[in-house]
Amino acid sequence: MNMLNIKLPGLDLKNPIMPASGCFGFGKEFGNLYDLNILGAMMVKATTPEPRFGNPTPRVAETSSGMLNAIGLQNPGLKHVLKDELPWLNQFNVPIIANIAGSQVEDYVTVAGEISRASNVKALELNISCPNVKEGGITFGTDPDVARKVTEAVKAVSEVPVYVKLSPNVTNIVEMAQAVEAGGADGLTMINTLMGMRLDMKTGKPILANKTGGLSGPAIKPVAIRMIYEVSQAVTIPIIGMGGIMTAEDVIEFFYAGASAVAVGTANFTDPFVCPKIIEELPVLLKKLGYNHISECTGRSWNKHEQFANHRA
Amino acid sequence: MNMLNIKLPGLDLKNPIMPASGCFGFGKEFGNLYDLNILGAMMVKATTPEPRFGNPTPRVAETSSGMLNAIGLQNPGLKHVLKDELPWLNQFNVPIIANIAGSQVEDYVTVAGEISRASNVKALELNISCPNVKEGGITFGTDPDVARKVTEAVKAVSEVPVYVKLSPNVTNIVEMAQAVEAGGADGLTMINTLMGMRLDMKTGKPILANKTGGLSGPAIKPVAIRMIYEVSQAVTIPIIGMGGIMTAEDVIEFFYAGASAVAVGTANFTDPFVCPKIIEELPVLLKKLGYNHISECTGRSWNKHEQFANHRA
Amino acid sequence: MIKNEAMKIVSQQEIAASIYELTLSGSLVSEMNQPGQFVHIKTGNGYEPLLRRPISISSIDKENNTFTMVYRAEGKGTSLLSQETNDTEIDVLGPLGNGFTPEAAISGGTTLLVGGGIGVPPLYELSKRLTKLGVNVIHVLGFQNAATVFYEEKFQALGETYITTVDGSHGTKGFVTDVIDKLSDSYTTIFACGPTPMLRALESAYKETKEVFLSLEERMGCGIGACFACVCHTAEDPTGFHYKKVCSDGPVFRAGEVVL
Amino acid sequence: MIKNEAMKIVSQQEIAASIYELTLSGSLVSEMNQPGQFVHIKTGNGYEPLLRRPISISSIDKENNTFTMVYRAEGKGTSLLSQETNDTEIDVLGPLGNGFTPEAAISGGTTLLVGGGIGVPPLYELSKRLTKLGVNVIHVLGFQNAATVFYEEKFQALGETYITTVDGSHGTKGFVTDVIDKLSDSYTTIFACGPTPMLRALESAYKETKEVFLSLEERMGCGIGACFACVCHTAEDPTGFHYKKVCSDGPVFRAGEVVL
Ligand SMILES: Cc1cc2nc3c(=O)[nH]c(=O)nc-3n(C[C@H](O)[C@H](O)[C@H](O)COP(=O)(O)OP(=O)(O)OC[C@H]3O[C@@H](n4cnc5c(N)ncnc54)[C@H](O)[C@@H]3O)c2cc1C
Ligand SMILES: Cc1cc2nc3c(=O)[nH]c(=O)nc-3n(C[C@H](O)[C@H](O)[C@H](O)COP(=O)(O)OP(=O)(O)OC[C@H]3O[C@@H](n4cnc5c(N)ncnc54)[C@H](O)[C@@H]3O)c2cc1C
Ligand SMILES: Cc1cc2nc3c(=O)[nH]c(=O)nc-3n(C[C@H](O)[C@H](O)[C@H](O)COP(=O)(O)O)c2cc1C
Ligand SMILES: Cc1cc2nc3c(=O)[nH]c(=O)nc-3n(C[C@H](O)[C@H](O)[C@H](O)COP(=O)(O)O)c2cc1C
Ligand code: FES
Ligand code: FES
């Protein structure tokens with residue numbers, strides 16, 4: 001019996017585990033380590049209309065149970081992604097969620113319009129929450145009206161369902177979620193990184209060349225859980241949860257909070273085999289906890305336990 | 001040579017190390033462990049007009065490099081604090097910073113008016129950022145206008161300088177800081193805890209009876225550093241920094257970010273002797289790093305290194 | 001006085017399924033006076049786990065400057081602790097709290113000691129003290145199953161001992177109350193430590209007729225009374241602002257003193 | 001192929017001040033082919049440190065299925081690693097990256113190997129390979145002071161070896177370049193690993209006249225080319241979007257290939 005299959009808008013997942021955007025490139029490198037076919041889906045690196053080099057290095061710094069990154073959305077640009085990366089990924093039976101970014105609404109529209117027509121792209125992830133770029137990025141993710149408008153614009157051109165990636169760096173996450181839901185979002189992905197910083201003991205200066213960076217890893221898990229708990233009760237669209245997932249137990253905690261699938265980011269650096277490990281361990285853990293299917297876990301922190309699989313579609 | 005003395009509005013500190021509010025009660029328990037006279041100052045538990053029991057238990061939960069708490073401002077109330085706690089603390093040559101809280105502006109005004117007249121209370125810390133109470137608390141800390149008004153009201157009645165404690169759960173921390181500065185705040189203390197949550201693997205329910213709680217400890221240090229870095233460049237009042245300090249190195253990092261003194265919270269639970277240890281280690285570390293006085297470290301992450309001791313008064 | 005010491009491991013062994021007995025030595029032992037007090041232990045050597053773990057003192061050996069704890073390796077902290085080997089030093093804060101008062105039992109009379117699971121350990125030092133005082137002790141100790149039973153002979157050496165297991169794989173099948181109900185109620189005092197439902201059952205059944213002392217558990221921050229993590233309402237003011245702290249006023253309370 | 005293995009510690013010792021030599025055994029060794037490649041090591045056993053640590057392979061022993069690293073215990077991760085004892089297994093990911101190509105040195109000619117501090121270790125395997133190929137090697141190795149010098153005799157056994165220390169407490173006082181400037185420039189190829197200023201100095205002085213290969217360092221996330229943490233601009237497009245990844249395209253580059 002399959003205990004892990006999940007259906008979400010546009011996505012027919014054999015399991016709800018996928019690498020998070022930016023932590024897995026376009027799959028090639030991890031494809032050398034294991035068979036990517038085992039993944040539920042793949043969230044590929046943010047794509048912008050033109051190629052971007054991103055920020056100067058150092059781009060990463062370590063923190064207690066976490067890390068900061070300021071990659072700055074480095075990517076080879078839309079053309080290259082369409083011509084090279086996506087066709088390469090076509091050999092796998094894995095739905096691709098294309099993460100799209102830009103500095104202005106037109107950028108999102110450009111990328112969404114074209115990339116959503118690639119045959120293996122089954123959904124878009126609208127990155128309105130990158131803390132590491134000067135323009136666009138996070139500003140789209142902190143003002144509900146702006147977030148709603150960019151969602152509407154992308155929905156208007158996209159051939160596939162649109163998931164909006166929320167930033168945790170806001171006073172009111174529910175308001176943001178409801179705004180993008182009103183803008184037509186088919187789902188949410190949350191959370192992106194928290195804005196943070198580390199200073200060098202000797203120089204006193206920031207370790208990251210970009211000064212600030214995005215905090216990810218287990219340190220932020222309690223914030224992610226809290227936000228998903230709040231948002232999942234306030235919207236009707238499904239949530240793909242992320243933020244500090246390292247183990248199968250963490251996955252279950254995200255489902256309990258209200259997620260219907262999860263993404264694994266930073267953990268891929270600590271253990272490049274973390275996704276296959278979690279996928280293997282989940283059914284065992286579910287059985288031990290007394291569940292027949294992972295969807296039974298969704299929203300258990302707040303629901304009355306009658307209604308399971310609320311986003312199983 | 002004293003390398004650690006710092007002057008801040010109302011506070012003549014022999015060293016810039018103080019326990020953070022809520023992590024040290026009113027000093028009695030730690031007074032059994034070491035001589036409190038070594039402390040730079042003491043931020044005592046939040047005081048409200050009437051006694052409060054706070055939230056049901058469990059009130060704490062552990063997270064990766066952090067902890068959640070939902071004490072809910074339990075305290076014996078203003079009268080008892082004036083009659084019992086503060087007089088007891090009078091035996092020590094340590095300035096007291098009274099943390100005050102409430103559900104409405106009048107509460108803050110009541111407590112501020114009376115407590116600021118206690119002889120050893122040298123400053124107030126306005127807690128407009130407690131995430132663990134239904135009314136008041138954090139709502140005061142997320143709306144700049146409300147924050148400014150409560151600051152003004154307290155300033156109008158306080159006999160001593162007023163420091164406002166900022167919540168990190170906001171989109172724009174600089175805006176909050178500038179609002180309370182405009183309201184007459186003499187200083188800032190930051191950061192309070194990040195809102196977070198943990199769920200129990202077996203039941204799926206929140207571990208904390210209050211469901212959500214405040215995340216503290218090393219996990220949040222990068223967020224604190226980032227916020228102090230931003231705010232210290234945007235206001236002219238001094239900052240007492242906190243959030244995850246465990247070591248003397250952490251203290252220096254907070255000074256580099258822009259703090260002029262620091263508070264140690266959660267670390268007191270991990271190591272009840274952490275404050276004396278840090279106070280002992282700081283001069284050694286400063287010498288090793290080539291400084292003559294800790295004030296030289298303030299703002300080093302962003303200043304041009306000409307102007308030291310910018311808040312040394 | 002409360003002290004903080006890096007104590008040496010004298011021995012550590014698994015005495016039942018996931019149940020470890022750990023003996024430590026150091027000068028802190030000279031501060032230990034009361035059965036039922038606990039220590040607060042830092043496990044691992046980083047910020048994870050961040051918080052200390054409260055563990056009861058299960059026996060004290062002043063002559064050799066050692067004390068023993070018995071704990072279940074379950075979560076992160078206790079699992080790490082169980083992996084420590086003889087060379088290591090363990091960061092101990094203690095002794096903490098107010099324990100059992102053997103003096104409360106009438107000398108020469110009979111006293112009932114009731115323990116559930118990892119609530120059993122502190123009863124061992126208590127029982128040793130009571131028997132030394134000439135008190136006749138009866139032990140009723142509840143466990144999940146045969147694999148997790150520990151210290152049966154040790155308690156037997158001190159007095160009459162009944163074991164219950166939930167699955168009946170050892171001793172009487174059921175809960176401690178199933179045994180107690182059938183005992184002649186010659187005892188005057190009950191000392192108990194274990195899960196809250198067990199403590200509640202004992203309180204409601206025997207509060208009026210016996211002297212009952214209960215050792216409580218609560219999630220802790222500081223362990224010394226400073227953080228208000230571990231409070232409970234007093235019985236006199238069950239919804240008001242009066243409180244007791246489990247860590248510093250307790251963990252042992254007289255039945256009826258606080259709301260369980 | 002890149003593998004992930006829990007490798008056994010064969011030996012670990014401090015060979016200079018805070019400098020440790022660690023030998024591990026396991027089947028992953030059979031994948032190691034090129035000097036200058038590195039491994040990515042998980043230190044500690046929790047989430048702190050969270051990231052792996054990149055450490056160069058300093059010698060490979062295929063017969064015994066072991067390889068050796070030399071590293072400085074400085075921060076959290078390397079300090080933890082230095083405390084591991086013989087019973088422990090170390091989580092190793094590797095071999096990673098593209099290392100030095102001994103074949104680039106003209107057989108029978110002379111090659112200069114330049115190392116700075118903890119940039120010295122990968123040159124050892126390289127030097128062994130070169131001498132085996134019949135290449136004449138000259139080593140110029142820079143350290144902070146006498147206490148941190150390591151592997152001097154090992155390199156001497158393979159060829160002419162000059163040591164420099166910043167404080168002059170051993171060998172020539174100054175930097176590696178102070179020695180190199182005075183060498184007869186009979187060598188055709190330079191292989192170097194060390195701090196970026198050293199690499200820059202070598203590049204600008206010898207890029208035109210010699211074959212120069214430089215091993216770079218950068219803070220890493222994944223270590224395998226997936227996260228874009230470790231990129232550098234290509235020399236041809238120094239401000240554009242073309243890039244190389246230190247972890248997977250490097251860490252060794254031909255001088256002039258990327259912007260240092
Ligand atoms: C006064 C007192 C005495 C105790 N004596 C013993 C004893 O002698 N033997 C024994 O095995 N256990 C004892 N316990 C319970 C023991 O403290 C917990 O089992 C232990 O803290 C769990 O830690 P962990 O690392 O296994 O679990 P984790 O799940 O990693 O713990 C996470 C957090 O929850 C706290 N926590 C989890 N369970 C409990 C609990 N039951 N009580 C209090 N805090 C908890 C931990 O301290 C930690 O802060 C006692 C508890 C108290 C309050
Ligand atoms: C390809 C490569 C090969 C290396 N080979 C060796 C070697 O053979 N011997 C040796 O001693 N060192 C080597 N280093 C440097 C080594 O990786 C760092 O000294 C080490 O990561 C520092 O970790 P820490 O725990 O001591 O410091 P921390 O301060 O705890 O490190 C914090 C974070 O910064 C990173 N970091 C800190 N310094 C460096 C650095 N110089 N380079 C890259 N990342 C860094 C760490 O990996 C970690 O992510 C190499 C680095 C690279 C990139
Ligand atoms: C190195 C790195 C690069 C990232 N790049 C992107 C990106 O391009 N687009 C995006 O939406 N999120 C990006 N993220 C955020 C992650 O997708 C994820 O939301 C976040 O890291 C929290 O999950 P984690 O704690 O499991 O890493 C990046 C994160 C890291 C660590
Ligand atoms: C148990 C606990 C209780 C707290 N109570 C208060 C409080 O009463 N008033 C307040 O302003 N902050 C309170 N705080 C927040 C701390 O003062 C501090 O701002 C925060 O914990 C971050 O610092 P830390 O990481 O060093 O703990 C409390 C924190 C903890 C952990
Ligand atoms: S644990 Fe802090 S008061 Fe009891
Ligand atoms: S470290 Fe991830 S791409 Fe090089």
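Numbered from 1 within each chain, the chains take letters A, B, ... in sequence-line order.
Between Arg59(A) and Met220(D), the closest side-chain pair of non-hydrogen atoms is not below 4.5 Å. Contact annotation: the side chain of Ile207(A) approaches that of Arg219(D) to within less than 4.5 Å [non-hydrogen atoms, C-beta and beyond].
The candidate from Gly223(D), Gly75(D), Gly225(D), Gly240(D) with the greatest count of non-hydrogen atom pairs under 4.5 Å with chain A is Gly225(D). Per-residue heavy-atom pair counts under 4.5 Å with chain D were compared for Ala219(A), Pro76(A), Ser64(A), Ala61(A), and the maximum is reached by Ser64(A). Ranked by heavy-atom pairs shorter than 4.5 Å toward chain A, the options Ser248(D), Cys230(D), Ala229(D) are led by Ala229(D). Looking only at heavy-atom pairs under 4.5 Å with chain D, the residue among Gly66(A), Gly217(A), Pro56(A), Pro51(A) that has the most is Pro51(A). Residue with the most contacts toward chain D among Asp271(A), Thr270(A), Asn75(A): Thr270(A) (heavy-atom pairs, distance under 4.5 Å). Counting heavy-atom pairs under 4.5 Å between each of Asp91(D), Leu93(D), Thr239(D), Ile224(D) and chain A puts Ile224(D) at the top.
More than 12 heavy atoms of other shown residues, nucleotides or ligands fall within 6.0 angstrom of atom CD in Glu14(D). Atom NZ of Lys83(A) is surrounded by 12 or fewer heavy atoms from other residues, nucleotides or ligands within 6.0 Å. In the displayed structure, Lys8(D) atom NZ is contacted under 6.0 Å by at most 12 heavy atoms of other residues, nucleotides or ligands. Taking a 6.0 Å sphere around NZ of Lys28(A), one finds it holds more than 12 heavy atoms contributed by other residues, nucleotides or ligands. Within a 6.0 Å radius of CD in Glu31(D), more than 12 heavy atoms belonging to other residues, nucleotides or ligands are found. Atom CZ of Phe175(D) has 12 or fewer heavy atoms from other residues, nucleotides or ligands within 6.0 Å. Within a 6.0 Å radius of CD in Glu50(A), other residues, nucleotides and ligands contribute 12 heavy atoms or fewer. The local environment of CG in Asn93(A) is sparse, with at most 12 non-hydrogen atoms from other residues, nucleotides or ligands closer than 6.0 Å.
With a threshold of 4.5 angstrom between heavy atoms, His233(D) approaches chain A through its backbone and through its side chain. Only the side chain of Phe273(A) has a heavy atom closer than 4.5 Å to any heavy atom of chain D. With a threshold of 4.5 angstrom between heavy atoms, Lys3(D) does not approach chain A through any atom at all. Only the backbone of Asn32(A) has a heavy atom closer than 4.5 Å to any heavy atom of chain D.
The residues Arg52(D) and Glu62(A) are annotated as not salt-bridged, no charged nitrogen and carboxylate oxygen being separated by less than 4.0 angstrom.
Thr57(A) and Glu218(D) form a side-chain donor-acceptor contact under 3.5 Å, judged by distance and modelled atom types alone.
How far CZ of Phe228(D) is from CG of Asn55(A): 13.5 Å, rounded to the nearest 0.5 Å. Leu33(A) contributes atom CG, which lies 8.5 Å from atom CG of Asn4(D) (distance to the nearest 0.5 angstrom).
Across all non-hydrogen atoms, the minimal contact from Phe269(A) to Cys227(D) is CZ-CB, 3.5 Å. The two residues Gln74(A) and Phe241(D) have their closest heavy-atom pair at NE2-O, 4.5 Å.
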